[in-house]
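Lettering of chains follows the sequences in order, A, B, ..., and the numbering in each one begins at 1.
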2 protein chains.
Amino acid sequence: MNSSGSDINIKPLLDYFEKYLPLEEEEKGVLEELFHEKRVRRRQYLLQEGDVCTHNTFVVEGCFRMFLVDEKGKEHNLQFAVENWWIGDIGSFHSEEPSRLYIEALEHSVVIQIKKEDQLRLFVDFPKFNRIFRVFTENALVSAQRRILQNISSTAEERYLDFLKRHPDFFNRISNVQIASYLGVTPEFLSTIRKRLAKP
Amino acid sequence: MNSSGSDINIKPLLDYFEKYLPLEEEEKGVLEELFHEKRVRRRQYLLQEGDVCTHNTFVVEGCFRMFLVDEKGKEHNLQFAVENWWIGDIGSFHSEEPSRLYIEALEHSVVIQIKKEDQLRLFVDFPKFNRIFRVFTENALVSAQRRILQNISSTAEERYLDFLKRHPDFFNRISNVQIASYLGVTPEFLSTIRKRLAKP
DNA sequence: GCGTACCTATAAGGTAGATTAAGAAAAAGG
DNA sequence: CCTTTTTCTTAATCTACCTTATAGGTACGC
């Protein structure tokens, strides 16, 4: 039980951390205290443009997308997040300026969240988490760099194949409309790519 | 003087850190001890494909590009770095696997570098630097995310205009061939964009 | 100061991917 | 279960950007 008095399922988060570093009992207790569960229905938003991103979010169950709406009203997916992924607008989280992004649940989902001030406290009290989060951020940066290189050097078909190879579980879970938006092409063009690939 | 016995100009690095957090004399001394100067001539490589990126590099003077060579032999610029920027293949640096990237000096340059093991030692002995580097990485991630969104949502002309607005100093310093490669277009097409923009 | 390598501009023809529209299939929701 | 909404497909037309080629301009290295 955490301070809100409700049972929350923090085990997936503990398991996740322990893949990186073993945790002391005290640390587990602090995590249980600082993280809070939230249930989000399909199509509900975790963050909307103009809001400041005040929480760091870990997905326990379900699926999200983070996207930008451009000046023509088109949506562009920056990232998906499923079980055991983190999601949030890290820029807004740290600058405390309003976000330009939306985070929307693609399925009924369960997340656990930590407030910015609590995360800072965690970093001060337990430098171990500072290190873990630095590593997470580095990994995210490496992924982002790979994606930039792919965007400027590959065709849409190559990007789609690489996406499927890297995330085979997304194939039956995320609609092609959303995948197209992530790849930076129209759903119509993704459809022709898929036809081309199915042929031979 | 550092352990190599040579005078190195570490002041730009100290000034840079102090924009984030004031440093104690002891910390300055440690930085001076752990960072080493390197002079790099134009067209010389700081990193080549297949090498493990063993150093984190801070640019004191000069200009670099980090790029990928694709299977068709074409080069794609991932990043530039000028005075007071960091450069390195952060993926290879942490995984200690061979890099797929090159880092090349576009001008005669001076950098100061820290070895991975020394940086880790720095993080353990002075947690303050762990925090500073986490913030650096977060900032780099935010930039990378912005660039991904731009790549999937903007035309080459919009990306070029944004690049100039964001880095006006690069206009007269970095050749259009290199800028085109960064934007993900051919130099010929960048030339037609420039003509289009010069007209009205 | 000179030669040479590189950089920029311009133009013609070609391709990847966008746009629009319209119908079929599937899924959400009540 | 039926209705409504969303998703996927196909095809025609259109545009952004690539490829190849040619030529003049610029700056580096000696």
Please state how far atom NE2 in His108(B) lies from atom P in dC28(D), giving the value in whole angstrom units. 8 Å
Quick one: label Ser191(B) by what it contacts on the DNA or RNA (base, sugar-phosphate, nothing), any heavy atom closer than 4.0 Å. base
Could you pull out every donor-acceptor pair under 3.5 Å between side chains of residues 44-52 of chain B and any protein atom, sequence neighbours left out?
residue, atom, partner, partner atom, Å
Gln44(B), OE1, Arg41(B), N, 2.8
Glu49(B), OE1, Tyr102(B), OH, 3.4
Asp51(B), OD2, Gln48(B), N, 3.3

Using whole Å, what does the distance between atom P of nucleotide dC8(D) and atom CZ of Phe171(A) come to? 10 Å
Set of residues satisfying ring pair (Phe, Tyr, Trp, His ring centres under 6.0 Å) with respect to Phe133(A), sequence neighbours excluded: Trp86(A), Phe123(A), Phe136(A)
Counting side-chain heavy atoms from CB outward, which of dC28(D), dA16(D), dT10(D) is closest to Phe189(B)? dA16(D)
Here the distance between atom C1' of dA18(C) and atom CD1 of Ile152(B), to the nearest Å, is 15 Å
Pairwise 5' ranking along DNA chain D for Arg43(B) and Ser154(B), keeping only the more 5' one: Ser154(B)
Which sits closer to the 5' end of DNA chain D, Arg41(B) or Val185(B), going by the nucleotide each is nearest to? Val185(B)
Whole-Å distance separating the CD1 atom of Ile193(B) from the C1' atom of dA16(D): 9 Å
Round to the nearest Å and state the distance from Leu106(A) atom CG to dT7(D) atom P. 10 Å
Determine the interatomic distance between C1' on dG13(C) and the same-named atom on dG24(D); round to the nearest Å. 23 Å
Respond yes when some side-chain nitrogen or oxygen of Asn176(A) is under 4.0 Å from OP1 or OP2 of dC8(D), and no when none is. yes
For the side chain of Thr186(A), counting heavy atoms from C-beta on, which of dA11(D), dA11(C), dT19(C) is nearest? dT19(C)
According to a strict under-4.0 Å criterion, is Arg194(B) in side-chain N/O contact with OP1 or OP2 of dT8(C)? no
By nearest atom, which of the nucleotides dT19(C), dC8(D), dG29(C) is closest to the Arg42(A) side chain? dG29(C)
Answer yes if the ring centres of Phe58(A) and Phe35(A) are under 6.0 angstrom apart, and no otherwise. no
Spacing of Ile174(A) atom CD1 relative to dT6(D) atom P, expressed in whole Å: 19 Å
May I have the distance from Glu188(B) (atom CD) to dC17(D) (atom P), rounded to whole angstrom? 14 Å
Rounded to the nearest angstrom, tell me the gap between atom CZ in Arg196(A) and atom P in dT9(D). 14 Å
